[in-house]
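Count residues from 1 along the sequence. Bear in mind the structure is a predicted one, so any value in this text is a computation, not a measurement.
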Amino acid sequence: MNKITERHYDHNLHIWVMVCTDCGNILSSDSELNMMPEFVYCEKCRNIQVYELFEKDGKQFIRRNKYPRFTGEVTFGPQSDIEDINIIDKCDGYELANAMRKASEFLIKRSRPQNRSNEQSAK
């Protein structure tokens, strides 16, 4: 679940707002900055699965569904586990590197033999 702490002034509405970075919902608003909460959580995005694997054209891809969102081909190549990355959200290098590291950890955990046998027995 994303903890939203950033406050932005909306010049069209003439109010301060806190917006979910995943779905774009306005979670809190007020005309006075000092009346805004310290943080809020988006209930709509609470149950979104962060990483998702899917196949396209016979290749396996991974998608990150929370900020910073991206898709990439799963290769487990010599230099990277994920290649041909399509970044959906604007973000800095640190945020993207952190998300990519977590995506690689997700892939490694998912590829362990015990996880595969648990998935097959669940079917």
What residues, two or more places apart in sequence or in another chain, satisfy salt bridge (Lys or Arg N to Asp or Glu O under 4.0 Å) together with [X]?
X   : result
R69 : D89
E83 : none
E95 : none

Considering only distance and modelled atom types, tabulate donor-acceptor pairs under 3.5 Å from the side chains of residues 26-35, sequence neighbours left out.
unit_1, atom_1, unit_2, atom_2, d
D30, OD1, E32, N, 2.9

Is there a path of hydrophobic side-chain contacts, each under 4.5 Å between heavy atoms of I, L, V, M, F, W or Y residues, that connects [X] with [Y]?
X   : Y   : value
M36 : V40 : yes
M18 : L13 : no
Y51 : L96 : yes
I88 : L53 : no

(request) Among Ile, Leu, Val, Met, Phe, Trp and Tyr joined by side-chain contacts under 4.5 Å, find the other residues sharing a cluster with F61 and list them by chain and number. (result) F54

(request) Flag the pair V50 / K102 as yes when at least one side-chain heavy-atom distance between them is below 4.5 Å, and no otherwise. (result) no

(message) Measuring only between side-chain heavy atoms, which start at C-beta, is L107 closer than 4.5 Å to I82?
(response) yes

(message) Checking Q60 now: which residues fulfil side chain to side chain donor-acceptor pair (under 3.5 Å) with it, not counting sequence neighbours?
(response) none

(message) Under a 4.0 Å threshold between the charged nitrogen and the carboxylate oxygen, would E105 count as salt-bridged to R101?
(response) yes

(request) Give a yes or no answer on whether the side chain of D57 reaches the backbone of K59 with a donor-acceptor pair at less than 3.5 Å. (result) no

(message) If we ignore hydrogens and angles and just use 3.5 Å, is the side chain of R64 paired with the main-chain N or O of K66 as donor and acceptor?
(response) yes

Distance-minimising heavy-atom pair for [X] and [Y]:
X   : Y   : result
K90 : Y67 : O-OH, 3.0 Å
F70 : A99 : CE2-CB, 3.9 Å
E52 : N65 : OE1-ND2, 3.1 Å

(message) Atom OH of residue position Y94 - does it have more than 12 heavy atoms of other residues, nucleotides or ligands inside 6.0 Å?
(response) no

